[in-house]
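Following: one structure in structure tokens, then a few remarks.
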Amino acid sequence: MEEAVEQKVLRTPTELVAIVEALIFVADEPVSTRVLGEVLEEERESIQAAIEQLQSEYEGRDSGLQIREIAGGWQLGTRTEYHEEVRKFLKTRPNAKLSLASLETLSVIAYKQPVTVPEILEIRGVQSASAIKTLLDRRLIVAKGRKEAVGRPMQYGTSKDFLVQFGLKDLTELPSIEDFEDLVQ
Amino acid sequence: MEEAVEQKVLRTPTELVAIVEALIFVADEPVSTRVLGEVLEEERESIQAAIEQLQSEYEGRDSGLQIREIAGGWQLGTRTEYHEEVRKFLKTRPNAKLSLASLETLSVIAYKQPVTVPEILEIRGVQSASAIKTLLDRRLIVAKGRKEAVGRPMQYGTSKDFLVQFGLKDLTELPSIEDFEDLVQ
Amino acid sequence: METILTEKDEQFSFDFHKETAEIMSGGTDELKIKLGEFAGPLDLLLYLIRQEQADIFDIPIARITEKYLEYIRLMKRLDIAVAADFLVMAATLIEIKSKMLLPRDPSLSTDEEEMEDPRQELVDRLLEYEKFKSAAGMLHERSTIESAIFTRGPIESDENNAEIDASVFDLLTVFQKIVARHVDEVKMEIQREEISLADMIKNLKARIFATGEVNLLEFFEEMHSRRELVTAFIAVLEIVRAETVKLLQNKTFGDIILRKV
């Protein structure tokens, strides 16, 4: 144990902020506080403080970038207000938007997961096969095992890509479905 | 020409710095001053000034990142002093992506198990030695005894880890063609 | 009626809020709607109820049914395939309508004061459906914001299998592709000329002496058919017997190497 303590790297808070920034930058997907803590052998609290510091630095200097919490981790991304320039530079067009049918199907899957095709049909009142295919192709949903019911139908749930593409930290960040009741008259 | 002048976007120097930062960040290779100027329809001097401003900001706040001039362009990279932490971090990241060859081989093994190397070759039409090695290394497949045939070739099947990683309770949970038949139509 | 769409048309992009607003502001006297844009019969029904400014808890079923059937007829007239689900809903509406026309059974009305409203189940479904429709709007808004943020490199992994970055759906899709490809390959196979044992020995020998060693597994994998594989196997036995070549295996089940002595 003592040896471990001796080996522990001593870093100033400023250094830790810099290192956390470097790691979030090199990661190709959101990095969790836990992973950062493990790799750097630092307390969760120190990592959390470093990230907060980093976020306020990016805010404070009107950076073109931002540190966001998404899909259970931290990620560096461009600021929304510069999307036109970025798009022009990357020569990309916005993703083909999901059709109304696909969006509805996705919302049923997001709120009712794990859910089967017949269950989706019951809520939407319409066959959703092609919408489900689209959502699978776009990796927004995944198969989540079979339901223990007649015919053992396949169940579906949302993927990590779903969280990323819809800017959610996790599924609990979705507003409750009952909240939409107020809108219904 | 006059029209072009009229259409020109007016940006404050701060905005230009932020946009240049965003573009250098999203680019997958160094971006030259010329390219930045063309995309943003800005003078070379303005771009140059923005980059210098950006560099001094990164310097000034002891960032973990730096803007470097490399191969005739500008690139965002981690600071050399943190290379140990970065290397350690990247090492902990599982080599997430399976190549298409490995995924194909895995799908043949999953659906045809137990299956021998020559049989996989026959189905895939290409040799799968390195893919099989990858899958064995990643514990997604295991040897399942030898086949009673000429040369007694080794047979392979999926492992328990395979079930865990694909979120399956057992092999009967693997989707069948029928599960997606009504989706494909 | 400029755009006619089906559910399958995923390329079509639209502004969720704007489109809804456009449909809503359409005149009541004219079906100024973009046909086929309804996500399903419940969606259409909600639209008609709104358009008639009716109370969802007290649906004027006769009028709404009439409007609904009018819409279906219009679709048919325009040669738009009417999905079975729309027809099922039409039947449901007609059934409810006829139930409501039925005089109450006088013997029941005395003890059962509150008879079940035939519309109740439909109202429940509409209310449930509308929640998800609103949630779809929220998702649309979120994805619009997110699509304006760019990161370094795409994220393609999934929670279930963060380590391998593929889903069971990928497995099946890939497998289907291989099977399809295999059918083509088999056709080509027939035309391929098979290599003789003498040539096989010559080739293998040349390779061993050029590179020093040959991985047996890799060598076998290069074979295109069962017969070629057998030929290759005999060639190996032949070379080991006749030439200064050794078979090496470093560990049990490890790769077998053919090495020049």
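The chains referred to below are lettered A, B, ... by the order of the sequence lines, with proteins before strands, and numbering in each begins at 1.
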**Message:** Please report the interatomic distance OH(B:Tyr82) to CG(A:Leu16), rounded to the nearest 0.5 Å.
**Reply:** 9.5 Å
**Request:** Under 4.5 Å heavy-atom distance to chain A, tell me which part of B:Val35 shows up: side chain, backbone, both or neither.
**Result:** side chain
**Side chain, backbone, both or neither of B:Val31 within contact of chain A (heavy atoms, under 4.5 Å)** = side chain
**Message:** If I compare all heavy atoms of A:Phe25 with all of B:Gly77, which pair ends up nearest, and what's the gap?
**Reply:** CE2-CA, 4.0 Å
**Asked** What heavy-atom pair brings B:Ala22 and A:Val86 nearest, and what distance separates the two atoms?
**Response** CB-CG2, 4.1 Å
Heavy-atom cut-off 4.5 Å, strictly under: side chain, backbone, both or neither for [X] against chain B?
X	value
A:Leu76	both
A:Leu90	side chain
A:Glu81	neither
A:Phe89	both
A:Val26	both

**Item:** Exceeds 12 heavy-atom contacts within 6.0 angstrom, atom NZ of B:Lys112
**Value:** no
**Prompt:** Should we count CD of A:Glu119 as having more than 12 external heavy atoms under 6.0 Å?
**Reply:** yes
**Prompt:** Looking at residues at least two apart in the chain, or sitting in another chain, which of them share a side-chain contact (heavy atoms from CB on, under 4.5 Å) with B:Gln48?
**Reply:** B:Thr33, B:Glu52, B:Trp74
**Item:** Heavy-atom donor-acceptor pair, A:Glu21 side chain to B:Ser63 backbone, under 3.5 Å
**Value:** no
**Prompt:** Does the pair A:Arg146/B:Glu173 count as a salt bridge with the N-to-O cut at 4.0 Å?
**Reply:** no
**Request:** Using a strict cut-off of less than 4.0 Å between a Lys/Arg side-chain nitrogen and an Asp/Glu carboxylate oxygen, indicate whether B:Lys88 and A:Glu38 qualify as a salt bridge.
**Result:** no
**Message:** Is there a side-chain contact between A:Val39 and B:Glu85 in this structure, where contact means two heavy atoms from C-beta onward sitting under 4.5 Å apart?
**Reply:** no
**Request:** With a 4.5 Å cut-off on heavy-atom pairs, point out which of B:Asp62, B:Thr14, B:Ile19 contacts chain A the most.
**Result:** B:Ile19
**Request:** Using only heavy-atom distances, determine whether the side chains of A:Arg152 and B:Thr172 contain a donor-acceptor pair under 3.5 Å.
**Result:** yes
